[in-house]
Every structure is written in C-alpha cells, then in structure tokens.
Amino acid sequence: MQSPLLQEISLLSRKNTDCVKWDALPENFGQEDLLPLWVADMDFKTPQCVRQALRQAVDQGVFGYYRIPDRYYDSILSWEKTRHGTQLERSWLRTTSGVVSGLFHLIRALTQPGDGVLLQTPVYYPFFRVVRHTGRRLVCSPLREENGVYTVDLEAFDRTLRDNDVKVFLLCSPHNPVGRVWTRKELAGMLDCCRRHHVQVVADEIHHDLIMPGHTHLSASSLWEGEDKPITFFSASKTFNLAGMKNSVLVIPQKKLRDQFDQFEKELGTGPGSTLDYVAVAAAFSEGGPWLDAVLEEIQGNYQLMKDTLSRFPGVTVSPLEGTYLMWVDLKGVVSQEQLRAFVQEKCRIAPDYGHWFYPEKNEDVHIRLNLAAPRQTIQQAARQLEQALEDVLKA
C-alpha cells in the first residue's frame with residue numbers, strides 16, 4: 001500500500017503544465033496519446049519543505065538582487081557528509097545552471113579544441129553534444145555487456161586512454177542509462193588508469209542519491225589519493241525533482257583548475273542564478289531526506305513490478321537497477337531496430353528513451369529506457385500495456 005506521503009505527492013498526469021515529459025510528446029514522438037516514460041524527471045511533487053520555502057520567498061514579495069546565502073553552501077556540505085560520508089570544502093564549490101551546461105563551460109575552460117574526451121557507451125546522450133559542440137575529439141570506450149549486466153573492460157579502457165591521447169575522462173557514476181553503481185574495485189581500476197596516463201577525471205554524479213538497496217555510491221574524488229583529484233558534478237535536480245530550477249553543484253578541488261574555470265566564467269560574464277534556485281536547493285538538502293527515502297522505496301517497488309512483468313518473456317532482457325530511476329530494457333529478442341518505434345508507440349502506447357540515442361552514431365540498438373519515478377498506478381498501467389503488446393507479438 002502506498003504511503004500517505006506518496007499519495008499526497010503523486011501526480012498521475014502533468015498535462016497542460018508545459019512540462020517537457022508530458023506536453024512535448026507531439027514534437028518528439030509524433031503523438032500525444034502515449035504514456036510518457038522518457039525525460040528523467042519525476043511525477044512526484046517536490047518535498048513539502050521546498051514548496052514551503054518557495055512560498056515564503058514569494059510572499060516576501062521582493063525579487064531584487066540576491067546574494068547566495070550561507071545556508072545554501074551549508075546544506076550541500078552537510079548533505080554530502082551525512083548522506084555519503086564525503087567531506088567537501090566550501091572553497092571547492094561552484095554553481096552552474098545545470099550539469100550539461102556546466103560541462104560545456106568546464107570542458108572549454110580546461111581543454112583545447114581537438115583534445116580527446118572519453119565516454120563509456122552507451123551513455124547519456126547530451127554528453128556527445130558537449131564534446132562535439134565544443135570542438136573536442138570524441139573517444140568512446142564501450143562497456144562490456146553480458147545478459148544485461150554492464151562492466152568495464154579495464155584493459156581496453158587503459159588501451160583507449162593511451163592510444164588516443166585522452167585529456168579528460170567523463171565518468172557517469174551511477175551510470176545512465178545502464179543503471180550500474182560502480183564497485184570500489186571498478187572505480188579504483190578506472191581511476192588508476194587515468195592517473196597513469198595523466199587524464200583529468202570529470203565525474204557526473206547527478207544520480208548519486210538515487211541508489212537501490214544493497215548498493216553504495218562512492219564518489220570518484222573520495223577514492224583518489226594525492227593531487228589532481230577528480231572534478232565532480234551533482235545536483236538537487238534529479239534527487240528532489242528540481243530540474244526546472246537550473247541549479248547544479250560543481251566541485252573543483254584543485255585550485256589551479258578552479259582559477260581557470262573562474263576566469264572562463266568571468267570572461268563570459270556569468271552571473272549568479274535565480275533567487276528561487278538557492279532557496280529550493282537549500283531547503284531540499286536541509287530537510288528533504290524523509291521525502292527521498294519514501295520515493296526511493298516507491299522506485300524500487302516500481303522496478304520490481306516491471307521486472308516481474310517483463311521477465312516472463314524470454315526475448316526481453318532487463319538490466320539490474322542499482323542506481324538511478326531509469327530501467328534499461330533490451331527488446332532485441334522481440335523486435336528489430338526498424339520495428340522498434342512502431343512496436344513501442346503503436347502497440348505498447350508508451351514514450352520511452354530509445355537505446356540508439358545513447359550511442360554516438362546510428363546503430364541497431366533495440367533497448368528502451370523507462371523512467372520509473374512515477375506513482376505505482378502509472379507503472380502498473382505501463383506494465384499492462386507492455387505485457388499485452390508482448391503477448392500479441394509473440395503469439396503472431
């Protein structure tokens with residue numbers, strides 16, 4: 001039975017609220033009558049503490065110039081220490097308008113056109129834009145897959161770094177879309193390779209609060225000994241459903257690199273974010289823990305429900321969900337890549353992220369990524385639609 005908190009915050013529909021996930025279906029999928037399980041935000045209201053803090057800020061009635069409050073930084077430092085055991089220093093923190101936009105700035109500030117940036121594919125597709133649109137050189141190191149489980153081939157990873165003169169490794173941790181929470185051994189292995197080849201690690205840890213039972217997120221920075229620590233991004237946006245607030249945290253432990261980044265921002269004329277960004281983030285990190293715990297329990301239940309449904313079909317492979325709220329499903333035993341869109345949209349009546357989006361070039365991938373951060377009723381409906389479509393296809 002759903003908890004009272006989840007009953008209070010659940011949104012069965014966000015239509016006509018100008019949200020991308022629900023209202024941008026026609027331009028992205030050519031249809032508007034699909035169940036949206038794509039864009040990675042939640043169909044849950046943000047925590048009550050955030051809504052209350054925003055109401056108080058609005059009721060004040062003045063939106064003039066605003067300094068970043070101490071409680072914003074204090075909430076971030078406290079959250080990371082108490083939730084993850086990660087000790088950060090305030091001087092390391094910078095704020096950007098999002099992880100992707102922050103990556104655009106960081107890559108331009110720290111590298112030169114033509115420098116190699118390594119990604120592990122399949123991976124969150126805006127990263128490809130970051131590399132290409134900044135004029136950097138895309139280098140890919142494919143993850144190794146077996147029965148839906150993705151791992152790192154360290155020998156191939158090391159060889160790719162060495163042979164391609166890579167300057168930056170953009171680490172996705174936890175990994176989107178395959179749902180891996182890297183183990184200490186895996187993470188240490190990748191970091192050792194980067195240290196050996198003098199590669200700067202930039203870790204996107206935006207999903208680091210969204211960890212399933214039995215798994216523990218380790219920050220790349222916490223495992224690095226000595227100088228040249230990894231740079232890290234994280235945010236309240238995925239954790240507390242605040243993506244529209246356009247606020248992410250950039251952690252740069254190295255003073256030299258902080259100075260480079262600060263100089264780049266100064267030359268751009270970048271200013272502080274919106275008043276309400278800081279109000280919302282500070283409230284979320286200060287008081288949002290119980291809300292997150294309830295939402296994580298719902299996501300875990302949603303994953304189990306969907307996995308139980310799809311695992312009945314031998315042609316479907318579901319990757320284990322260790323972190324994120326994004327389920328990676330392989331349909332190659334059911335349909336071809338050419339048939340995938342028609343099957344998913346016409347028969348299943350859902351809007352997912354398509355697997356081939358997570359590769360740099362067009363390929364024959366037949367995965368879909370499903371967003372499980374929704375009320376149980378939504379996931380039950382999606383499971384029924386998928387189940388019926390799979391039964392019909394396999395009967396034919």
Side-chain angles (χ1 to χ4, degrees), residues 99-100 102-146 149-205 218-221 223-233 252-254 256-257 260-261 319 328 355-365 367:
V99 169
V100 174
L103 278 169
F104 268 97
H105 289 196
L106 185 71
I107 293 298
R108 288 184 63 194
L110 304 187
T111 65
Q112 298 298 317
D115 282 351
V117 178
L118 185 139
L119 305 177
Q120 293 174 302
T121 53
V123 74
Y124 181 53
Y125 42 88
F127 290 171
F128 301 127
R129 296 202 304 268
V130 170
V131 178
R132 287 170 169 159
H133 293 179
T134 57
R136 275 55 179 176
R137 178 168 44 87
L138 178 63
V139 180
C140 292
S141 179
L143 295 172
R144 181 168 51 195
E145 184 268 337
E146 185 174 355
V149 177
Y150 289 78
T151 55
V152 180
D153 183 336
L154 282 177
E155 288 187 7
F157 179 81
D158 186 82
R159 188 168 54 250
T160 302
L161 291 177
R162 182 195 66 206
D163 294 348
N164 292 275
D165 190 26
V166 171
K167 301 300 183 185
V168 171
F169 167 40
L170 180 46
L171 168 68
C172 195
S173 177
H175 193 90
N176 172 16
V178 307
R180 281 298 318 280
V181 172
W182 302 118
T183 65
R184 178 179 292 270
K185 182 178 180 181
E186 288 173 316
L187 198 53
M190 289 186 280
L191 296 179
D192 285 345
C193 292
C194 290
R195 185 184 291 108
R196 192 158 51 246
H197 297 293
H198 307 289
V199 174
Q200 176 63 53
V201 179
V202 177
D204 167 25
E205 299 185 359
L218 296 170
S219 173
S221 183
L223 293 187
W224 189 280
E225 297 181 1
E227 300 296 322
D228 304 324
K229 277 184 175 291
I231 295 168
T232 307
F233 280 96
I252 312 179
Q254 303 173 55
K256 177 183 176 182
L257 299 186
Q260 284 182 238
F261 180 79
S319 291
W328 189 238
H356 67 268
W357 295 355
F358 298 86
Y359 291 89
E361 308 294 345
K362 181 174 174 60
N363 59 46
E364 301 305 310
D365 188 88
H367 282 84

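Values below: all heavy atoms of this structure, side chains included; hydrogens, waters and symmetry mates excluded.
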Nearest atoms (heavy-atom pairs only) where [X] meets [Y]:
{"X": "Leu154", "Y": "Gly189", "value": "CD2-C, 3.7 Å"}
{"X": "Trp224", "Y": "Leu191", "value": "CZ3-O, 3.6 Å"}
{"X": "Val130", "Y": "Ile107", "value": "CG1-CG1, 4.0 Å"}
{"X": "Gly116", "Y": "Val139", "value": "CA-CG2, 4.3 Å"}
{"X": "Pro230", "Y": "Gln200", "value": "CA-NE2, 3.9 Å"}
{"X": "Pro253", "Y": "Ser221", "value": "CG-OG, 4.3 Å"}

If the condition is side-chain hydrogen bond (donor to acceptor under 3.5 Å, both in side chains), which residues does [X] pass it with, not counting sequence neighbours?
{"X": "Thr160", "value": "none"}
{"X": "Asp158", "value": "Arg196, His197"}
{"X": "Asp192", "value": "Arg195"}
{"X": "Trp328", "value": "Tyr150, His367"}

Look up atom [atom1] in [X] and atom [atom2] in [Y], then write down how far apart they are to the nearest 0.5 Å.
{"X": "Leu161", "Y": "Lys167", "atom1": "CG", "atom2": "NZ", "answer": "11.5 Å"}
{"X": "Leu143", "Y": "Cys172", "atom1": "CG", "atom2": "SG", "answer": "9.5 Å"}
{"X": "Leu170", "Y": "Ile231", "atom1": "CG", "atom2": "CD1", "answer": "11.0 Å"}
{"X": "Met190", "Y": "Leu223", "atom1": "CE", "atom2": "CG", "answer": "10.0 Å"}
{"X": "Cys140", "Y": "Phe128", "atom1": "SG", "atom2": "CZ", "answer": "5.5 Å"}
{"X": "Asp153", "Y": "Glu145", "atom1": "CG", "atom2": "CD", "answer": "13.5 Å"}

Using side chain to side chain contact (heavy atoms under 4.5 Å, CB included), reason through Val168 and Leu110 one step at a time and then give a plain yes or no.
CA-CA 9 Å; Val168 171; Leu110 304 187; 5.9 Å; no
Could you name each residue pair satisfying side-chain hydrogen bond (donor to acceptor under 3.5 Å, both in side chains) that touches residues 116-134, not counting sequence neighbours?
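Pairs touching residues 116-134 that pass the test: Tyr125-Asp353, Arg132-Glu361.
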For residues 170-180, which residue pairs pass the side-chain hydrogen bond (donor to acceptor under 3.5 Å, both in side chains) check, not counting sequence neighbours?
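Non-adjacent pairs meeting side-chain hydrogen bond (donor to acceptor under 3.5 Å, both in side chains): Asn176-Arg369, Arg180-Glu186, Arg180-Glu322.
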So, [X] side chain and [Y] main chain: donor-acceptor pair closer than 3.5 Å or not?
{"X": "Gln254", "Y": "Lys229", "value": "yes"}
{"X": "Trp182", "Y": "Ala188", "value": "no"}
{"X": "Arg136", "Y": "Asp115", "value": "no"}

Please test His198 against Asp228 for side chain to side chain contact (heavy atoms under 4.5 Å, CB included), starting from the C-alpha separation and ending with a verdict.
CA-CA 9 Å; His198 307 289; Asp228 304 324; 6.0 Å; no
Assess whether side chain to side chain contact (heavy atoms under 4.5 Å, CB included) is satisfied between Leu118 and Phe157, documenting all intermediate values.
CA-CA 9 Å; Leu118 185 139; Phe157 179 81; 3.6 Å; yes
Just wondering, do Phe358 and Asp365 contact through their side chains at under 4.5 Å, heavy atoms?
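No, their side chains stay 4.5 Å or more apart.
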